[in-house]
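These values consider heavy atoms only, across backbone and side chains, with no hydrogens, waters or symmetry-generated copies.
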Amino acid sequence: MTVNKVYIAGNWKMNLHREESVELLKGLREGKIPSQVEAILCPPFLRLEGAAELLEGSPYKLGAQDVSKYENGAHTGEISASMLKDLGLSYVIVGHSELRGEGQTDEEVSQKVRAALREGLVPIVCLGESEEEYDRGLSLETVARQLEESVLSLSPEEAEKVILAYEPLWAIGTGKNCPPEVAQEVAAHLKGKLKVPVLYGGSVKGNNAGEYLSCQDIDGVLVGGASLKAEEFLTIVEAAL
């Protein structure tokens, strides 16, 4: 995938009931999205269809927070890539640290990436080290291993269609900030192995997004809690200019 845009992706996680979601989407539509920014919203599965209707004709793209590794069949509770594509989605987050923490393996991430690619969805593949690994200086080794097992195990043609997201586990939902120079080092390391867009995720807010977006090898941000407020998300979009 060619790096020619700044990607601002909002992961709502398990938040917002219907009316709250509608209010947020209306607020987001009032903001301006520059042509060089790819603004991606990833609501919970139950909010995707309503979001697709409200965002029709807007510059926003929709993504899911996860996808099944199965194409169809007797897999209760699973959501297939074809179902997501049928809703008009463009992206899907794969291998988020919260799911990896619940036991999702690199092999499962690889299978989900393949499932997404078969339907023409762009997987945003998350990679990141634990606080212990960070303290031991194993950040680069950890993300390189995850990349090798979950993405580089694909064909070169498939691997080039993904987006990577570096999200250190110790900075996810903790309020701790990864130093921009560390994020830049990891992003450069990843690009040395696979030339695709690399995002940074981990306690990104309006007041620090610019620090990460100014890094040479960071092509966007994956936003968590700050994506639940229209004004805050749009402030992050402005930081990309």
Side-chain ([X]) to main-chain ([Y]) donor-acceptor, under 3.5 angstrom:
{"X": "E108", "Y": "T105", "result": "yes"}
{"X": "E211", "Y": "N208", "result": "no"}
{"X": "S110", "Y": "V151", "result": "no"}
{"X": "E129", "Y": "L138", "result": "no"}
{"X": "N15", "Y": "P43", "result": "no"}
{"X": "E148", "Y": "S153", "result": "no"}
{"X": "E149", "Y": "D106", "result": "no"}
{"X": "R47", "Y": "C42", "result": "no"}
{"X": "E78", "Y": "H75", "result": "no"}
{"X": "T235", "Y": "E231", "result": "yes"}

Joint hydrophobic cluster, [X] plus [Y], side-chain heavy atoms closer than 4.5 Å:
{"X": "V143", "Y": "I172", "result": "no"}
{"X": "L169", "Y": "V198", "result": "no"}
{"X": "L127", "Y": "V182", "result": "yes"}

Go through it in stages, so that I can follow the logic: the residues are K205 and E232, the test is salt bridge (charged side-chain N to carboxylate O under 4.0 Å, His left out), and I'd like the CA-CA distance, side-chain angles, deciding distance and then a yes or no. CA-CA 7 Å; K205 299 179 176 62; E232 185 80 1; over 6 Å; no
Taking D219 first and then K191, would you say they form a salt bridge - that is, a charged N and a carboxylate O separated by under 4.0 Å?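 A salt bridge is present here (some side-chain N lies under 4.0 Å from a carboxylate O).
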Before accepting this row, confirm whether a basic side-chain N of the pair E71/R118 lies closer than 4.0 Å to the acidic partner's carboxylate O.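 Here E71 pairs with R118 in a salt bridge, since their nearest N and O are under 4.0 Å apart.
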Could you label the plane-to-plane angle of the Y166 and Y200 rings as parallel, tilted or perpendicular, counting under 30° as parallel and over 60° as perpendicular?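 Answer is tilted, since the angle falls between 30° and 60°.
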One pair to check against salt bridge (charged side-chain N to carboxylate O under 4.0 Å, His left out): E131 and K176. What are the steps and the verdict? CA-CA 11 Å; E131 187 166 16; K176 295 181 180 179; 2.9 Å; yes
Value rounded to 0.5 Å, distance of [atom1] in [X] from [atom2] in [Y]:
{"X": "Y60", "Y": "I33", "atom1": "OH", "atom2": "CD1", "answer": "3.5 Å"}
{"X": "Q146", "Y": "L164", "atom1": "CD", "atom2": "CG", "answer": "11.0 Å"}
{"X": "E53", "Y": "L87", "atom1": "CD", "atom2": "CG", "answer": "9.5 Å"}
{"X": "L41", "Y": "L24", "atom1": "CG", "atom2": "CG", "answer": "7.5 Å"}
{"X": "L28", "Y": "K26", "atom1": "CG", "atom2": "NZ", "answer": "12.5 Å"}
{"X": "S139", "Y": "W170", "atom1": "OG", "atom2": "CH2", "answer": "7.0 Å"}

Would you please test E160 and K195 for salt bridge (charged side-chain N to carboxylate O under 4.0 Å, His left out) and show each step? CA-CA 7 Å; E160 290 172 358; K195 298 228 174 336; over 6 Å; no
H96 versus Q104, side-chain donor and acceptor atoms under 3.5 Å: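 No, no side-chain donor-acceptor contact under 3.5 Å.
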Does a side chain donor of either S80 or S68 reach within less than 3.5 Å of an acceptor in the other side chain? no
Using a cut-off of 6.0 Å, state whether more than 12 heavy atoms not belonging to [X] lie near its atom [atom1].
{"X": "R136", "atom1": "CZ", "answer": "no"}
{"X": "E23", "atom1": "CD", "answer": "no"}
{"X": "E56", "atom1": "CD", "answer": "no"}
{"X": "K13", "atom1": "NZ", "answer": "yes"}

Does any non-hydrogen side-chain atom of S58 lie less than 4.5 Å from one of R29?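 Touching, per the 4.5 Å side-chain cut-off.
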Student check: side-chain heavy atoms of L62 and Y91 closer than 4.5 Å: no
Quick check on side-chain contact (heavy atoms from CB on, under 4.5 Å): which of L222, V125, L199, I93 does I163 satisfy it with? L199
Which of these, V67, V122, L84, sits in a side-chain contact (heavy atoms from CB on, under 4.5 Å) with L89?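 Going through the options one by one, the only one that passes is L84.
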Before you tell me yes or no, could you show the steps for I236 and V223 under side-chain contact (heavy atoms from CB on, under 4.5 Å), namely the whole-Å CA-CA distance, both residues' side-chain angles and the distance that decides it to 0.1 Å? CA-CA 9 Å; I236 295 171; V223 187; 3.7 Å; yes
Check the pair Q36, K5 against side-chain contact (heavy atoms from CB on, under 4.5 Å), reporting the backbone distance first and the verdict last. CA-CA 5 Å; Q36 68 266 40; K5 280 187 175 286; 5.8 Å; no
